Amino acid sequence: MSLYCGIACRRKFFWCYRLLSTYVTKTRYLFELKEDDDACKKAQQTGAFYLFHSLAPLLQTSAHQYLAPRHSLLELERLLGKFGQDAQRIEDSVLIGCSEQQEAWFALDLGLDSSFSISASLHKPEMETELKGSFIELRKALFQLNARDASLLSTAQALLRWHDAHQFCSRSGQPTKKNMAGSKRVCPSNNIIYYPQMAPVVITLVSDGTRCLLARQSSFPKGMYSALAGFCDIGESVEETIRREVAEEVGLEVESLQYYASQHWPFPSGSLMIACHATVKPGQTEIQVNLRELETAAWFSHDEVATALKRKGPYTQQQNGTFPFWLPPKLAISHQLIKEWVEKQICSSLPA
Ligand SMILES: NC(=O)C1=CN([C@@H]2O[C@H](COP(=O)(O)OP(=O)(O)OC[C@H]3O[C@@H](n4cnc5c(N)ncnc54)[C@H](OP(=O)(O)O)[C@@H]3O)[C@@H](O)[C@H]2O)C=CC1
Ligand SMILES: [Mg+2]
């Protein structure tokens with residue numbers, strides 16, 4: 001090993017160690033805040049809060065992008081005081097992460113009903129003026145956020161929604177109580193613990209070797225196609241869901257499949273998207289669209305998909321009345337799955 005190589009390796013090792021160390025420290029800190037209510041309450045003193053109103057995040061506009069502002073505990077207490085709200089409402093907040101310097105990040109919804117105060121929703125426009133921002137539906141804003149804010153706000157919204165929908169014990173009917181971090185709720189009358197849940201969903205890009213299969217639901221924006229998606233049924237493995245969804249939606253039988261990656265997705269109410277590539281049996285490529293599920297589905301060539309990936313919105317109606325063929329934005333795992341397929345096709349067509 002040359003001296004240069006030795007130094008480079010040691011540097012690399014040191015760098016990896018530093019990265020790992022920061023990550024582990026952060027993870028252990030968040031674990032402690034979830035387990036210990038007092039530690040979590042203390043972390044709120046130096047922490048920062050993302051604000052929501054009826055599940056819409058507070059955003060500010062900056063150069064065609066949305067930014068998610070954070071507020072200190074002091075600023076939040078001042079705001080609640082100004083609008084006649086009890087500062088105890090801050091206990092409704094949920095822990096969503098922390099910075100490398102261990103500044104804990106929380107999310108709080110000022111519009112949902114709270115056991116600590118009511119009618120906060122009456123003040124929405126005044127709050128927006130005071131906070132110099134707007135509460136914007138996450139569906140409209142997600143693709144104009146940077147990756148970190150998109151991920152934090154998606155987690156926050158899913159968690160706030162889950163708490164709002166699990167106020168009562170399904171066994172005793174009594175009100176449940178959230179822990180300080182919001183990582184669980186407990187029924188005080190029978191000690192049943194409820195943990196936040198999400199729905200597993202598969203997203204599959206089917207290929208016949210040279211083309212890939214993309215589909216549209218009538219609810220999609222005009223011209224947009226995506227890979228096939230479907231919720232896992234209870235009792236199914238990911239492999240079984242993929243085979244069933246492909247058969248149900250387009251009438252094809254999957255021959256092989258390969259896991260690609262996963263992503264948390266805030267819609268409709270918090271899903272774990274599990275993305276896979278799949279191939280169909282040779283010679284069995286005739287699509288039979290299930291019109292109860294899809295508007296249409298079709299095979300697309302490598303060049304058609306590569307061109308669509310480069311296309312940038314807004315996608316306006318063309319002179320012949322149709323809309324250009326386009327694909328989900330970069331942030332969506334379906335985009336990344338399709339992009340990987342395009343890149344793999346290029347590699348496999350290169351001479352060995
Ligand atoms: N991030 C990404 O890149 C992408 C994400 N997705 C997401 O994947 C999700 C699933 O895709 P989709 O094709 O609609 O799924 P499905 O093909 O499974 O069809 C949706 C239908 O399944 C039923 N359903 C079964 N279980 C559930 C559940 N836990 N929650 C809600 N509905 C359920 C509902 O029927 P009924 O209403 O009749 O009860 C619903 O209308 C979508 O919500 C979408 O947001 C999709 C594509 C890309
Ligand atoms: Mg589907």
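Index from 1, following the sequence. Just so you know, ligand 1 is whichever comes first in the structure, and atom 1 is the first atom listed for that ligand. Predicted model only: the values in this text are computed from it and were never measured.
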Between [X] and ligand 1, find which residue part has any heavy-atom pair under 4.0 Å and reply side chain, backbone, both or neither.
{"X": "E245", "answer": "side chain"}
{"X": "V201", "answer": "side chain"}
{"X": "I203", "answer": "side chain"}

ask   = Counting heavy atoms only, which of R139, E248, E249, Q217 is nearest atom 17 (O) of ligand 1?
value = E249
message = When you measure from atom 24 (N) of ligand 1 to the protein, is at least one non-hydrogen atom found at a distance under 4.0 Å?
response = yes
task = In plain terms, say whether E91 and K41 are close enough for a salt bridge, that is, a side-chain N and a carboxylate O under 4.0 Å apart.
result = yes
ask   = Below 4.0 angstrom, N of the basic side chain to O of the carboxylate: do R28 and E32 qualify?
value =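 Answer for the salt bridge query: no.
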key: Protein contact of atom 40 (C) of ligand 1 - nearest heavy atom, named by residue and atom, plus distance   = F231 CE1, 4.6 Å
query = Of all the atoms in ligand 1, which lie at a distance below 4.0 Å from a heavy atom belonging to G230?
reply =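 With G230 as reference, the close atoms of ligand 1 come out as 15 (O), 16 (P), 17 (O), 18 (O).
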Same apolar cluster (I L V M F W Y, side chains within < 4.5 Å links), F52/L159 = yes
request  = Using distance alone, with no hydrogens and no angle criterion, decide if H277 and E340 have a side-chain donor and acceptor under 3.5 Å apart.
outcome  =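 A donor-acceptor contact under 3.5 Å links the two side chains.
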query = If only atom types and distance count, is the side chain of D233 paired as donor or acceptor with the main-chain N or O of G235 below 3.5 Å?
reply =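 No.
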task = Assess the pair H166 and Y194: is the distance between their ring centroids shorter than 6.0 Å?
result = no
ask   = If every non-hydrogen atom of W162 is compared with every non-hydrogen atom of R185, which pair is closest and at what distance?
value =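 Scanning both residues completely, I find the closest heavy atoms to be CZ3-CG, 3.6 Å.
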Protein N, O or S atoms lying under 2.8 Å from the Mg ion (ligand 2), listed by chain and number = A229 O, E249 OE2
